[in-house]
Structures are given as structure tokens and as C-alpha cells.
Amino acid sequence: MNIKAQKGTKDILPSEITNWQFIEDCAKKVFNKANFKEIRTPIFEDTNLFERGVGDTTDIVNKEMYTFTKSDRSLTLRPENTAGVVRAYLEHNFFRESPPIKFWYFGPMFRYERPQAGRQRQFHQIGVEMFGVQDASADVECIMLAVEFLKTLGLNDLTVEINSLGCNTCRKEFKDELKKAIAPFKDKLCEDCQNRYEKNPLRILDCKNEACNKLFEENNLRNKVSGIKLCPECSEHYNKLKLYLDALNIKYIENPYLVRGLDYYTKTVFEIKSNNLGSQNAVCGGGRYDGLVETLGGEKTPAVGWAMGVERLNSLIQPIEDKKLDYYVVSDNQLEAVKLTKKLREHGLSAEFDYNSRKFAKQLEKASKIAKKALILGEEEIKNNFITVKDLNTFEQRKMNLQELI
RNA sequence: GCGGGCAUCGCCAAGCGGUUAAGGCCUCGGAUUGUGGUUCCGAUACGCGUGGGUUCGAAUCCCACUGCCCGCCCCA
């Protein structure tokens, strides 16, 4: 048998689990302070949820989903979690509660893509979703929370990029304008862009194809359509966001070409990028999605959220060393060693003993690697009812009784 | 889906056609029969991703396959 972990999947080993726990602990701490509640939704959902929620023009839905059929149901391993959280929000009538409703989550996501640095087929996201607030204060709350979380993780060298995609009305106008501007050289664009032209012209601006970008330049596209012309309401929303960010001293770059690949975004979109990752440099991406709840069958509900890639976060933080045990019991009397170990653990101390009752030199060698202190329990100690405590850093040794120890 | 790179012990790694495939780390045992940071000794690949081929002879050359990594696309 030679079965290996599947392409794009990874075992998270004991040696790296401390980092993961650290990230999760920070998330818990930061999000609780802001009154976000943790939610855990299923790992697979009805395929329709993602087709409608994420959008059938997106790459995620078109070519990256793990979809299978069971009992005539089409099911899909979640490629992201916003749609799932919205589904749960509706299914459990959270809209009946007084807004805002604020969730956070942490869990594995699945996308069938070619793995590379910072990208796996099974990866983990931490995210937040916030429902019921129309004001830009919610956008700010989310961005602020992301920045605070990253700071708690010890990550500072990051750039926040923002943009506004407008609402459906101003976006429609922009799309038309964009299509008109592109029409003359449309046929020369890459295949992807030709498809985007009809389905989702906004994404053309985001094209990484050199030939396309050259065409944009030749035709002066970026001057002709400098960005979405926001309607007064969207414009005010965006300005308010910037005002808040300035007031909070959160530095950001306005990137008019930040479009994002999921269909549900409206108004605010943002990304947080690092210079210390490979080419997959976004650690956080999110925005407002005022239309999604309605798309999935609820009342029109304003909402904002973001997600972070945990593997990418992890690659930015220093490896954290395993904590050492409080005690390692060194003894040639296994019975006494187990009994002592049990007592220590009952008192909340971490401890282990030598299962093979090897010679003291070996036991101490092991002890010095995995524990802070060794408890020596030899013939003499047992006879006279004391324990020799040895500090494995300083080599200091002294006699103690059990009561002093625990 | 399209490019590029790499595959030798648990880990790092030498080897570039010719006897028994260096070395380091880790692990285990011993010197030290009840005391670990140093030192010394010993053990651990009949095997060089898999399958073919070339050759008197291949880890070393050729072909195919597989796996991993990196990049494009897209995204976290």
C-alpha cells in the first residue's frame, strides 16, 4: 500500500499545530471583543447554493468545484463560506433578530486548482460576515477587525487596498460605458476577456494578460473609463468609508482596478496584501454584498464580510516552538512513576514518565529534551518519602515532598 | 488547461559510467551496572521515484510514466 495525501492537500503535523492554535486563539480573542459569534456550517452544501450565491460566471463555480451526486442530490464541497453562512442566516431566521448579526468562522474550503505556493486544493479560511447594516460603519468595522486581527498575529508589513464597485445601477452604467470603450478592439482581446465581455465586463479590467494590457494602454482605456462613476449614494458611502479609515489611522491604497472574482460584491471591496508571500500575495479579501441575501431567497439585506487564507497567514508568522512538559518522572520503579504522574496531571500539571524504565542516564536525556524539570524517584526517595526535583536548565537539584510540588 | 524545475536512508546531502553508494542531523545501543548539556565507540539504503532501453558495466546516459515544487490563469 502506498497511499499518499492527495495533490493539493496537506497533513497539519504536531510540529506545526501550535501555530494553527495560535491563529485560532487570536481569532477567538479578537472577534469576541467585537461581539462576533462563531458559526460552524457544513462542509458540503447543495450545489445550487454556490451556483447562485458565488455566481455562475466565476472561475470558482465554473471549473473549481468538487461536485458529486448522492441520492439524486448534487452536492458540492464548499469552495468558500459566505454562501453557507448566508444560507444558515436565512434557515435559522437570524433576520428576525435585531441587527447587526455578526458571525465568524474557521474551517476548510475546497477548490480544484493547480496547487502552487500559497494555494492548495483543501485550504483553510478564517472569515467574518456582518448582516443588517447599510452604513459604511459596518465596512469599517470589518476592515478594522481584519487589521486588528493581523496585528495581534504580529503582522504589520501589509497593505490594505480598497475600491468601490458601486451598486447595481451605477455598475450597469459603467459596464455599458466600458463595453462601448472596449468594443473597437474587443476582437483582439484574449479568449477569457472575450467571454467576460458579455458575462462580466468588469473583470476585463483585472486581466493579467500582457497583450490585453497593452491594448488597454494603446487605446487609452484607463483614462477613458477611470473607474466606476458612482451614483450619489454609493459615492457618499465610499467617501464615508475613507473618512472613517483616515480617522482610525488605517493606511490604505485606493485601487480602482480591484474588482474581485466573486459575483456578489457591491460597493466596497478590499484586499490586504503582503510583500512576503509568493505570487499569491493576498492574505485577506472581502467586501460588501448587499444583494446576496436576496439572491438566496431572503429579504434585501445589507451585508459585509471578508475571508483570510490561514495557510498564507501561517507562512507569514514565525514557527512557534512546542511547550515543554512541566515534569518528566525519572524512576526505576514504574509503578511509583505512574502513580506520581497521575497525581501531577490531576493537579493540572503536564507530565510523562519512561515507559521502558531505562537507565537513569537515558531517562534524563529524554527529560531534558521534552520537560522543564525532572522528578527523580529512586529507591532512596521512595524509602524516605521525598522527591528529587532537578531543574533541567540550571542543573540545580533539591529535595521536596509531594505537597510542595503540587 | 498551459509553461518551467526537481526526484539518492526519517531529515539535509555527496556522487556526473567502473570494486563494499561519502558525510552531517535525528533515532537506538554502549563507554557511564542511579543522574542529561561535551567527548568517544557501535547500529541503521542488497538501495538511488517507477518501468523500459543503451553498455562488458548505470544512481550516474536515453525514453516513457508518476510524484512534488514553482509560475500563468484565478483566488484566501
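Lettering of chains follows the sequences in order, A, B, ..., and the numbering in each one begins at 1.
- Atom CD1 of A:Ile382 and atom C1' of B:G34 are 12 Å apart (whole Å).
- With B:U27, B:G34, B:G36 as the choices, the nucleotide that has an atom nearest any side-chain atom of A:Asp332 turns out to be B:G34.
- A:Gly378 comes within 4.0 angstrom of a base, heavy atoms only.
- In this structure, the CD atom of A:Glu365 is 11 Å from the P atom of B:G30, given to the nearest Å.
- Judged by distance alone with a 3.5 Å cut-off, no donor-acceptor contact links the side chain of A:Arg111 to the base of B:C74.
- Taking atom CD on A:Gln122 and atom P on B:A76, their separation rounds to 17 Å, with Å as the unit.
- Within the 4.0 Å cut-off from OP1 or OP2 of B:G71, at least one side-chain nitrogen or oxygen of A:Gln116 is found.
- Phosphate contact (OP1/OP2 of B:A31, side-chain N/O of A:Lys362, threshold under 4.0 Å): absent.
- Within 4.0 Å (heavy atoms only), A:Lys10 reaches sugar-phosphate atoms of the nucleic acid but no base atom.
- With hydrogens and angles ignored, a donor-acceptor pair closer than 3.5 Å exists between the side chain of A:Lys390 and the base of B:U35.
- For A:Arg358, a side-chain nitrogen or oxygen approaches OP1 or OP2 of B:G29 to under 4.0 Å.
- B:A21 and B:U66 have their C1' atoms separated by 25 Å, given to the nearest Å.
- Within 3.5 Å, a donor on the side chain of A:Gln280 pairs with an acceptor on the base of B:C74, or the reverse.
- A salt bridge links A:Arg119 and A:Glu113; the closest N-O separation between the charged side-chain nitrogens and carboxylate oxygens is under 4.0 Å.
- Here A:Ala282 lies in heavy-atom contact (under 4.0 Å) with sugar-phosphate atoms only.
- Here A:Leu313 lies out of heavy-atom contact (under 4.0 Å) with every strand.
- Judged by Watson-Crick or G-U wobble contacts below 3.5 Å, the nucleotide B:G36 has no partner.
- Side-chain contact of A:Glu129 with A:Tyr89: a donor-acceptor pair under 3.5 Å is absent, judged by distance alone.
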Criterion ring pair (Phe, Tyr, Trp, His ring centres under 6.0 Å) on A:Phe44 and A:Tyr66, from CA distance to verdict: CA-CA 9 Å; A:Phe44 61 86; A:Tyr66 280 93; over 10 Å; no
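- Using a 4.0 Å heavy-atom cutoff across all strands shown, A:Gln397 reaches at least one base atom of the nucleic acid.
- Counted by atom type alone, A:Thr18 and A:Asp322 present one or more donor-acceptor pairs between their side chains at under 3.5 Å.
- Residue A:Glu80 contributes atom CD, which lies 8 Å from atom P of B:A76 at whole-angstrom precision.
- Using a 4.0 Å cut-off between charged side-chain N and carboxylate O, A:Lys339 and A:Glu336 make a salt bridge.
- Applying the Watson-Crick and G-U wobble criteria (two distances, each under 3.5 Å), B:A43 pairs with B:U27.
- At whole-Å resolution of the value, CG in A:Leu364 and P in B:G34 are 12 Å apart.
- Heavy atoms of A:Glu379 sit under 4.0 angstrom from at least one base atom.
- In the set B:G34, B:C74, B:G36, B:G34 carries the atom at the smallest distance from any side-chain atom of A:Glu381.
- Note on A:Asn393: a base of the nucleic acid sits closer than 4.0 angstrom, heavy atoms only.
- Going from atom CG of A:Asp59 over to atom C1' of B:C2 covers 15 Å, rounded to whole Å.
- Taking atom CZ of A:Phe270 as the reference point, atom C1' of B:A76 lies 12 Å away to the nearest angstrom.
- Among the heavy atoms of the strands, none lies under 4.0 Å from A:Lys4.
- Using a 4.0 Å cut-off between a side-chain N of Lys or Arg and a carboxylate O of Asp or Glu, A:Glu346 and A:Lys342 qualify as a salt bridge.
- The nucleotide B:C68 finds its pairing partner in B:G5, both defining distances of the Watson-Crick or G-U wobble pair being shorter than 3.5 Å.
- A distance of about 22 Å separates the P atoms of B:G67 and B:C62, rounded to the whole Å.
- Rounded to whole Å, the P atom of B:G37 lies 50 Å from the corresponding atom of B:C72.
- Among the heavy atoms of the strands lying under 4.0 Å from A:Gly118 is at least one base atom, whether or not backbone atoms are also near.
- Between the C1' atoms of B:C41 and B:C46, the separation comes to 26 Å (whole Å).
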Start with the C-alpha gap between A:Leu245 and A:Lys251, add the side-chain angles, then the distance that decides, and say whether side-chain contact (heavy atoms from CB on, under 4.5 Å) holds. CA-CA 7 Å; A:Leu245 291 175; A:Lys251 296 208 171 51; over 6 Å; no
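- Here, B:U54 and B:U60 have their P atoms 15 Å apart, quoted to the whole Å.
- Heavy-atom distances to RNA chain B give each of A:Ile272 and A:Glu396 a nearest nucleotide, and the one nearer the 5′ end belongs to A:Glu396.
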So A:Asp139 and A:Lys240, side-chain contact (heavy atoms from CB on, under 4.5 Å) or not? Walk me through it. CA-CA 10 Å; A:Asp139 310 43; A:Lys240 202 166 177 188; over 6 Å; no
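- Relative to the side chain of A:Ala117, the nucleotides B:A76, B:G34, B:C70 differ in distance, and B:C70 lies closest.
- Of the charged side-chain nitrogens involved, at least one lies within less than 4.0 Å of a carboxylate oxygen, so that A:Lys229 and A:Glu177 count as a salt-bridged pair.
- Phosphate contact (OP1/OP2 of B:G1, side-chain N/O of A:Lys63, threshold under 4.0 Å): absent.
- When the P atom is used for both B:C48 and B:A58, the distance is 12 Å, rounded to whole Å.
- For the pair A:Pro115 and A:Met308, both in contact range of RNA chain B, the more 5′-proximal nearest nucleotide belongs to A:Pro115.
- Between A:Arg114 atom CZ and B:G1 atom P the separation is 7 Å, expressed in whole Å.
- Comparing B:A45 with B:G23, their C1' atoms are spaced 15 Å from each other, to the whole Å.
- Distances from the side chain of A:Ile376 to the nucleotides B:A76, B:U35, B:G36 place B:U35 closest.
- Within 4.0 Å (heavy atoms only), A:Leu392 reaches at least one base atom of the nucleic acid.
- Of the side-chain N and O atoms in A:Lys366, none sit less than 4.0 angstrom from OP1 or OP2 of B:C26.
- Rounded to whole Å, the P atom of B:U55 lies 47 Å from the corresponding atom of B:C26.
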